[in-house]
Each structure stands twice: as C-alpha cells, then as structure tokens.
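What follows is a set of notes on a single structure, which appears directly below.
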Protein chains: 2
Amino acid sequence: MAEQVKVEIIAVGNELLLGDVLDTNTNWLCKRITGVGGQVTRAVMVRDEQEEIVAEIRSALERGSELIITTGGLGPTGDDITLQAVAEATGCPLKLHREALALVKTRYQELAKKRYVGDPALTEARKKMAYLPRGAKPVPNPVGSAPAVILEVGRSILVSLPGVPEELKGIYEDTLQPTLMTMFADSFYQERAIIAHSGDESTLAPILKEVVHAHPAVYIKSRARRFGPEVEILITLSSAGDGREEVEGKISSALEQLKTSLAEAEIEVDRAER
Amino acid sequence: MAEQVKVEIIAVGNELLLGDVLDTNTNWLCKRITGVGGQVTRAVMVRDEQEEIVAEIRSALERGSELIITTGGLGPTGDDITLQAVAEATGCPLKLHREALALVKTRYQELAKKRYVGDPALTEARKKMAYLPRGAKPVPNPVGSAPAVILEVGRSILVSLPGVPEELKGIYEDTLQPTLMTMFADSFYQERAIIAHSGDESTLAPILKEVVHAHPAVYIKSRARRFGPEVEILITLSSAGDGREEVEGKISSALEQLKTSLAEAEIEVDRAER
C-alpha cells in the first residue's frame, strides 16, 4: 500500500494567536489536500518571531513531511519575516531573484495603471518581496503583489503562500493544485459517513470497538453533532491505499458490519449529507 | 516588567486536519486569553494519534509554557484518547477518579430524566470518562457528559477541554476564566489599531520601520484588509507590562509618532472599529 503524502501547515501571524483573525486558510488547504489524496498530519500557528518559525520548519523537515506549507508573512513590511525564517531553517540565504523581481515589477505597473497605487517604482519595501531563499522559485500571485515561493529541500517541498485568503486561494488554484496532483498521484483516500440516532455516544462505544477490531485498516471516528433529545452522532469511516477499488472494498466491508450491529441494537441510521 | 503568562493550545482531531471541521475553538480561546492578559504563543492541530499528542504535550512542557490547553478527545469512544496521551506525556497513569465518576453518574441520571438517554447505568464507555491522570481534578461540564480535566505538572498547568464548542465555552466561562484571571493577574496587555488608507502596504513600510525602531517595546504589525483601489491597511500597536498606565503610555507615544509620519506622507488615517 502506497503511503499517503504527508503534509504539514505552518500558519504565521500574531493576529491569529491574539484571536483577532480566525485562520480559515488551514481548513481550506486541509480540505483541498485531502480531496486530492494528500494527508495533512499536523498544522501549527506561530507568531511573527523568526526563531519560532525556524523551529517549526526544522521540525517539520526532521519528521520527513513531503510537503510543508507556510501561510502569511510574505508582504513588504518589516513584520513579514517568513522567507527569512525559511532561509535560516534551510541554510539557503536570501538573494534577489531576477524572475521574482520581474513579477513584482509587472504587478506594480499593473496596479499603477488601474490607479490602485500611485508610483510603480521598485522601492526597497517592494523589492523585499523578490528576495528568495537560494534555489527557490517564485510563483505568480494573481491577486496580490507578493509572489509565493517553492523550495525543494532534500525530499521535502517547502511552499510559502501569502496569508490573505484570496491570494492564497488564487495561487493554489492557478499553480499549486496541478503540482500537488502529481505528487499525490499514487495514493487514494476515501471516507464515508453515516449518522446514528443513538441516545448518546457512550451507547455506540462497544459497537464501534468491535468494528474497529475487525477492520484495522479502516479508521473509524465518531462525533456528536447535537446534544439533547435529538442526538445525532456522525460516524466516519476512512481509509487510504493504492487504488480506488481496494480502498472502497475495505470501507464497504466495515460499513456493512457497522450497520448490522447498529440494527441489532435498534439504533436508527441515516446517510450523512456532508 | 512582568512577563505575560505563556499559553499553548493543542487541538486534537482527525476531522480538523481532514478539513471536515473548521476549528473555531482555538480562535475563541485565543481571544479570551488575550482579553484577560495571557499570551497564546503557539497553537497546533494534531490527529487522534496517541504518540503525536504525547509529543506535542511534551514539547509544550519543555518550552516551559505555563498553561497548556488541549481541546477534543475526551468522549466515551475508543478514538477519544487525549487523557491517555496526557497520562503518558506526564507519567501520571489513568486512575478511576471518584469525583469524576460522580459527575458522570449525575450527568447521565439528569439526561435519563430528560429522556435524552434511556438507561443511565454507568457502562464501561461512560466510566471511561472518569479515568483521569493521577493527581488531576475533574471540572464539571455544564453542557455535555465528559468532565474537563486540570492537572498541575511542575510549573505548568495542563487543562483538557472537550472539543464540542458549546461544552468548551460552558466550562471556560463557568470554571476556567476565574482561575486564569488569577494566573494572569500580574500582566497587562493592550492593543490599539488604526486604519491607513494608503496606496499599498509597501508605501507604509519605511514609515513603520522608523516607528518600530524608535519604540522597541511596542509591537507594530500591518495587514492589508482589502486589495484594490480602496486599500485599507490595519496597523496594530500592542504592548504588555505590569500596569495599565505604563503600557498605555508606551503605545500612545508610538501611535503619536506614527500618526505624525502618516500625515507628513499625506496618508489618510481612520480609527479602527474592531
């Protein structure tokens, strides 16, 4: 069975940890990555502190995660320090990148034409966004001004995306998704879910335990969606492997046993619309 | 100057990393903790894998964070393993806790009275929620059935909250907030924000740089809120210290310089309503 490609996300920004901004980027990326067959194993939020970002990148590299995505901290101001941290963590110092500079330059010319900015001149602050870790490639930003950055580090790929959700989504859909599809091509992930109308989750526990025991390759998770007289418990069965048929077979077989046991215990079941 | 109390959050659950569920608990907790003077320095999401949860708890303890909050994984089913992980990470094995058992028992009796569950008997699955790490204290859950758990580990306090947002909020407001207020009593955090109507963030960069340099105790962060002809850049100034007056003084002085420089550069400024 092919292992799923392991992905980690590092969200950078004081505003996240102060609670000023709800991080929706991580959830959005998790959904997309799961959808194309990758597996996000861990996601972390850190402050705009270089040594803290460095520590997170290093430990993700040490865990051997194949794809490491950072979000935030690519902008022109002094508190945007993600690429400095990437440079320090990987030993690839920042260098002015010709192609990145051209992207930034073109972007500001477009913005000036639309009168979004006055002077399109490449000031130091704007040039800052074109300093990339040695060996990195810039990725055009269809919405904002800071290019995203891709850097190969040994067997891992490190991708730095801007934190503004529209920019992150634009770059992902335009450029990143096709790259990831290729990376993840060998693995297949599927999940199916049912809703059990059980008195409470504790009633289900012994039933789930038996199914888990009989189907070790299927991950089974239960989660109460309401509490009260109308309890709904969402039971998710998921598995991953080489091919669609194999994975579907494993899940179907576990699901069949689960439904039989729930029927025997007189627990009503619905299909989950999700 | 008193250091702010350092807080870390560990959110547990495959559903978070699959992207099925947007984690709003972390943001809610960050807001609350910032509001009472604590400082969330890091937040992580991990899967329902015991060794991964253990690793996160251990590294938070090693960093000396005074408060470590876990969310999720306290329920009756086999995939709820947070307390097992706490036990392993701290070397405090799980033991049936008399008071916790009484809480769970009372809860199921109430639920049976309301006809939310049929039989209130203490099954193995229900009893599981009363197995606490040695030395831990249970905290009543006003909404659900699993008590929260507080454990002192050296100079750190480890709090395990359920993942269902209503339960987490209920426990926080009823029991946790007063405890935290005492923990955080010595430190004071304040932030003020303004909105600059600048062409783009790169225009602000040199101005911010000067203010940052002149006011090292004030953290200054800028963030574009819109991109286009109506750009709004939110500039946040924050600081922490022993007393309200000292902290307010530091921020006011930096804010004054910032406003003067923005006026000189003919950049319009608004008060931020947040």
- Examine whether an atom of A:Glu49 lies under 4.5 Å from a heavy atom of chain B, and if so say whether it belongs to the side chain, the backbone or both; otherwise answer neither. neither

- Tell me, side chain or backbone of A:Glu56 under 4.5 Å from chain B's heavy atoms, or both, or neither?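 When you check distances to chain B, only side chain atoms of A:Glu56 fall under 4.5 Å.
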
Look at [options] and state which one has the largest set of heavy-atom pairs under 4.5 Å with chain A.
{"options": "B:Leu208, B:Thr123, B:Val44", "value": "B:Val44"}
{"options": "B:Ser222, B:Gly13, B:Gly72", "value": "B:Ser222"}
{"options": "B:Met129, B:Arg32, B:Gln39", "value": "B:Gln39"}

- Query: What distance do A:Ile220 atom CD1 and B:Asn14 atom CG have between them, rounded to the nearest 0.5 Å?
  - Reply: 12.5 Å

- Hey, could you give me the CG/CD1 distance between A:Leu18 and B:Ile33, rounded to the nearest 0.5 Å?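 The CG atom of A:Leu18 sits 11.5 Å away from the CD1 atom of B:Ile33.
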
When you compare the side chain of [Y] with that of [X], does any pair of heavy atoms fall below 4.5 Å?
{"X": "A:Arg42", "Y": "B:Glu52", "answer": "no"}
{"X": "B:Asp23", "Y": "A:Leu22", "answer": "no"}
{"X": "B:Thr203", "Y": "A:Arg126", "answer": "yes"}
{"X": "B:Asp20", "Y": "A:Glu191", "answer": "yes"}
{"X": "A:Thr26", "Y": "B:Met45", "answer": "yes"}

- Query: Going by distance alone, is a donor N or O of one side chain under 3.5 Å from an acceptor N or O of the other, for A:Tyr219 and B:Asp48?
  - Reply: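 Result is yes, a qualifying pair exists.
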
- Item | Side-chain donor or acceptor of B:Asp79 paired with backbone N/O of A:Lys221 under 3.5 Å |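 No.
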
- Can you tell me if B:Ser202 uses its side chain to pair, donor with acceptor, with the backbone of A:Pro76 under 3.5 Å? no

Please identify, among [options], the residue contributing the most non-hydrogen atom pairs under 4.5 Å to chain B.
{"options": "A:Thr24, A:Val21, A:Ile9, A:Leu16", "answer": "A:Val21"}
{"options": "A:Ala43, A:Gly35, A:Ala125", "answer": "A:Ala43"}
{"options": "A:Ile10, A:Asp80, A:Thr41", "answer": "A:Thr41"}
{"options": "A:Thr77, A:Val46, A:Leu17", "answer": "A:Leu17"}

- Item | B:Glu51, CD atom: more than 12 neighbouring heavy atoms under 6.0 Å | no

- Item | Over 12 non-hydrogen atoms of neighbours within 6.0 angstrom of NZ in A:Lys6 |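 Above 12, so yes.
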
